Amino acid sequence: QVQLVESGGGLVQAGGSLRLSCAASGRTFSAHAMGWFRQAPGKEREFVAAISWSGGSTAYADSVKGRFTISRDNAKNTVYLQMNSLKPDDTAVYYCNVDFTTWFSSNLDGFRRAADFRSWGQGTQVTVSS
(Lines give C-alpha, C1' and ligand atoms only; values in the text may rest on other atoms or scores of the structure.)
Protein backbone atom coordinates (compact mmCIF):
# COMPACT_ATOMS: atom_id res chain seq x y z
CA GLN A 1 0.00 0.00 0.00
CA VAL A 2 1.28 3.41 -0.97
CA GLN A 3 2.07 5.76 1.88
CA LEU A 4 2.92 9.43 1.52
CA VAL A 5 4.19 11.31 4.54
CA GLU A 6 4.60 15.06 4.25
CA SER A 7 6.65 17.10 6.71
CA GLY A 8 8.44 20.39 7.14
CA GLY A 9 5.52 22.76 7.46
CA GLY A 10 5.23 25.42 10.12
CA LEU A 11 4.61 29.05 10.91
CA VAL A 12 6.79 31.59 9.15
CA GLN A 13 6.72 35.31 8.54
CA ALA A 14 6.13 36.73 5.11
CA GLY A 15 9.36 36.69 3.14
CA GLY A 16 10.63 33.63 4.95
CA SER A 17 11.45 30.15 3.69
CA LEU A 18 10.45 26.57 4.39
CA ARG A 19 11.48 23.24 2.91
CA LEU A 20 8.85 20.55 2.68
CA SER A 21 9.61 16.85 2.34
CA CYS A 22 7.46 13.95 1.22
CA ALA A 23 8.62 10.43 1.94
CA ALA A 24 6.94 7.75 -0.15
CA SER A 25 6.80 4.05 0.62
CA GLY A 26 5.00 0.93 -0.46
CA ARG A 27 6.05 0.97 -4.11
CA THR A 28 8.89 1.95 -6.38
CA PHE A 29 8.53 5.66 -7.10
CA SER A 30 11.65 6.37 -9.09
CA ALA A 31 9.90 5.65 -12.40
CA HIS A 32 7.07 8.12 -11.83
CA ALA A 33 6.51 11.85 -11.71
CA MET A 34 5.82 13.35 -8.31
CA GLY A 35 4.26 16.62 -7.31
CA TRP A 36 2.82 18.95 -4.73
CA PHE A 37 -0.65 20.35 -4.23
CA ARG A 38 -2.07 22.68 -1.61
CA GLN A 39 -5.45 23.42 -0.13
CA ALA A 40 -6.31 26.65 1.64
CA PRO A 41 -9.36 26.92 3.92
CA GLY A 42 -12.55 27.12 1.90
CA LYS A 43 -10.75 26.53 -1.40
CA GLU A 44 -10.24 23.59 -3.70
CA ARG A 45 -7.00 21.65 -3.71
CA GLU A 46 -4.71 23.13 -6.34
CA PHE A 47 -1.56 22.17 -8.19
CA VAL A 48 1.71 23.70 -6.98
CA ALA A 49 4.64 21.91 -8.63
CA ALA A 50 5.62 18.64 -10.30
CA ILE A 51 8.83 16.89 -11.29
CA SER A 52 9.49 14.08 -13.73
CA TRP A 53 10.97 10.73 -12.75
CA SER A 54 14.50 11.85 -13.61
CA GLY A 55 14.16 15.40 -12.34
CA GLY A 56 14.78 16.66 -15.84
CA SER A 57 11.36 18.28 -16.23
CA THR A 58 9.54 20.47 -13.77
CA ALA A 59 6.32 22.46 -13.78
CA TYR A 60 5.00 25.15 -11.48
CA ALA A 61 1.80 27.00 -10.86
CA ASP A 62 2.09 30.61 -11.98
CA SER A 63 1.54 31.77 -8.41
CA VAL A 64 4.75 30.12 -7.18
CA LYS A 65 7.08 30.41 -10.19
CA GLY A 66 10.41 31.92 -9.26
CA ARG A 67 9.80 31.36 -5.54
CA PHE A 68 9.36 27.58 -5.15
CA THR A 69 11.69 24.82 -6.32
CA ILE A 70 10.78 21.15 -6.52
CA SER A 71 13.42 18.42 -6.38
CA ARG A 72 13.63 14.71 -5.66
CA ASP A 73 15.97 12.06 -4.36
CA ASN A 74 15.05 8.72 -5.92
CA ALA A 75 17.40 6.81 -3.64
CA LYS A 76 15.34 8.05 -0.69
CA ASN A 77 11.91 7.94 -2.41
CA THR A 78 11.54 11.55 -1.36
CA VAL A 79 10.36 14.72 -3.08
CA TYR A 80 11.09 18.19 -1.73
CA LEU A 81 9.59 21.63 -2.10
CA GLN A 82 11.83 24.57 -1.29
CA MET A 83 9.63 27.59 -0.67
CA ASN A 84 11.20 31.04 -0.61
CA SER A 85 9.75 34.55 -0.39
CA LEU A 86 6.64 33.15 1.21
CA LYS A 87 3.44 35.19 1.15
CA PRO A 88 0.31 35.00 3.32
CA ASP A 89 -1.51 33.63 0.24
CA ASP A 90 0.75 30.56 0.43
CA THR A 91 -0.97 29.55 3.68
CA ALA A 92 -2.45 26.09 3.12
CA VAL A 93 -2.08 22.41 3.83
CA TYR A 94 0.47 21.02 1.40
CA TYR A 95 0.17 17.50 -0.03
CA CYS A 96 2.37 15.42 -2.29
CA ASN A 97 1.36 12.72 -4.73
CA VAL A 98 2.66 10.39 -7.39
CA ASP A 99 1.48 9.97 -10.97
CA PHE A 100 1.42 6.21 -11.46
CA THR A 101 -0.15 6.53 -14.92
CA THR A 102 3.15 7.31 -16.64
CA TRP A 103 6.49 5.54 -16.49
CA PHE A 104 9.88 7.12 -17.22
CA SER A 105 8.13 10.08 -18.82
CA SER A 106 8.70 13.82 -18.87
CA ASN A 107 4.96 14.39 -19.22
CA LEU A 108 3.60 16.19 -16.16
CA ASP A 109 0.02 16.67 -17.42
CA GLY A 110 -1.20 14.16 -14.87
CA PHE A 111 -0.93 16.80 -12.18
CA ARG A 112 -3.43 19.18 -13.77
CA ARG A 113 -6.33 17.98 -11.64
CA ALA A 114 -6.11 17.06 -7.97
CA ALA A 115 -9.36 15.13 -8.37
CA ASP A 116 -7.54 12.54 -10.49
CA PHE A 117 -5.63 11.30 -7.46
CA ARG A 118 -7.47 8.81 -5.29
CA SER A 119 -5.38 8.71 -2.13
CA TRP A 120 -3.54 11.33 -0.16
CA GLY A 121 -1.27 11.68 2.82
CA GLN A 122 -2.13 13.77 5.86
CA GLY A 123 -0.46 16.87 4.48
CA THR A 124 1.65 19.44 6.27
CA GLN A 125 0.37 22.84 7.38
CA VAL A 126 2.13 25.97 6.17
CA THR A 127 1.09 29.24 7.75
CA VAL A 128 2.58 32.53 6.58
CA SER A 129 1.95 35.55 8.76
CA SER A 130 1.94 39.09 7.40
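These numbers were taken from a predicted model, which means no experiment stands behind them.
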Query raised in the report: Same hydrophobic cluster for Phe100 and Ile70, using side-chain heavy-atom links shorter than 4.5 Å among ILVMFWY?
Result: yes
Report task. Go through the structure and list residues passing side-chain hydrogen bond (donor to acceptor under 3.5 Å, both in side chains) with Arg27, not counting sequence neighbours. Result -> none
Query raised in the report: Are Val5 and Leu81 connected, step by step, through hydrophobic side chains (Ile, Leu, Val, Met, Phe, Trp, Tyr) whose heavy atoms are closer than 4.5 Å?
Result: no
Requested in this report: Without swapping roles, check the side chain of Arg113 against the backbone of Phe47 for a donor-acceptor pair under 3.5 Å.
Outcome: no
**Report entry** Residue pair Val48, Tyr60: steps toward the side-chain contact (heavy atoms from CB on, under 4.5 Å) verdict
**Finding:** CA-CA 6 Å; Val48 175; Tyr60 297 91; over 6 Å; no
Report task. Could you tell me whether a side-chain N or O of Thr91 sits under 3.5 Å from a main-chain N or O of Pro88, the two making a donor and an acceptor? Result -> yes
Query raised in the report: Of the non-hydrogen atoms in Phe117 and Trp120, which two are nearest, and what is the gap between them?
Result: O-NE1, 3.4 Å
Query raised in the report: When rounded to the nearest 0.5 angstrom, what distance separates CD in Glu46 from CH2 in Trp36?
Result: 14.5 Å
Acceptor/donor pairs from residues 17-26 side chains to any protein atom, 3.5 angstrom cut, sequence neighbours excluded:
{"residue": "Ser17", "atom": "OG", "partner": "Asn84", "partner atom": "OD1", "Å": "2.9"}

Query - Listed once per pair and sorted, the side-chain hydrogen bond (donor to acceptor under 3.5 Å, both in side chains) pairs that draw on residues 121-130, sequence neighbours left out - result: Gln125-Thr127
Query raised in the report: Is the distance between the ring centroids of Trp53 and Phe29 less than 6.0 Å?
Result: no
Requested in this report: Enumerate the residue pairs fulfilling disulfide bond (SG atoms under 2.5 Å apart) with a member in residues 41-79, sequence neighbours excluded, ordered by first and then second residue.
Outcome: none
Report task. Check whether any side-chain heavy atom of Phe111 lies under 4.5 Å from a side-chain heavy atom of Asp116, and answer yes or no. Result -> no
Report summary line: CG of Asn77 to CE of Met34, rounded to nearest 0.5 Å, is 7.0 Å
Query raised in the report: Would Val126 end up clustered with Leu4 when hydrophobic side chains under 4.5 Å apart are linked, directly or stepwise?
Result: yes
Requested in this report: Supply the atom-to-atom distance Ile51 CD1 to Ser57 OG, rounded to the nearest 0.5 angstrom.
Outcome: 9.0 Å
Query raised in the report: Would you say the side-chain atoms of Arg67 pair up with the backbone N or O of Ser63, donor to acceptor, closer than 3.5 Å?
Result: yes
Query raised in the report: Which residues satisfy the side-chain hydrogen bond (donor to acceptor under 3.5 Å, both in side chains) test with Lys43, sequence neighbours excluded?
Result: none
Please tabulate, one pair per line, all N/O donor-acceptor pairs under 3.5 Å involving side-chain atoms of residues 92-99, not counting sequence neighbours.
{"residue": "Tyr94", "atom": "OH", "partner": "Arg38", "partner atom": "NH1", "Å": "2.9"}
{"residue": "Tyr94", "atom": "OH", "partner": "Asp90", "partner atom": "O", "Å": "2.6"}
{"residue": "Asn97", "atom": "ND2", "partner": "Ser119", "partner atom": "O", "Å": "2.9"}
{"residue": "Asp99", "atom": "OD1", "partner": "Thr101", "partner atom": "N", "Å": "3.0"}
{"residue": "Asp99", "atom": "OD1", "partner": "Thr101", "partner atom": "OG1", "Å": "2.5"}
{"residue": "Asp99", "atom": "OD2", "partner": "Thr101", "partner atom": "OG1", "Å": "3.4"}

Query raised in the report: What's the verdict on side-chain contact (heavy atoms from CB on, under 4.5 Å) for His32 and Trp103, showing C-alpha distance, side-chain angles and the deciding distance?
Result: CA-CA 5 Å; His32 305 285; Trp103 292 72; 3.4 Å; yes
Requested in this report: Using the rule that two of Ile, Leu, Val, Met, Phe, Trp, Tyr join whenever any of their side-chain heavy atoms come within less than 4.5 Å, decide whether Met83 and Val79 are in one cluster.
Outcome: yes
Report task. Please check if the side chain of Ser54 supplies one atom and the backbone of Gly56 the other of a donor-acceptor pair under 3.5 Å. Result -> yes
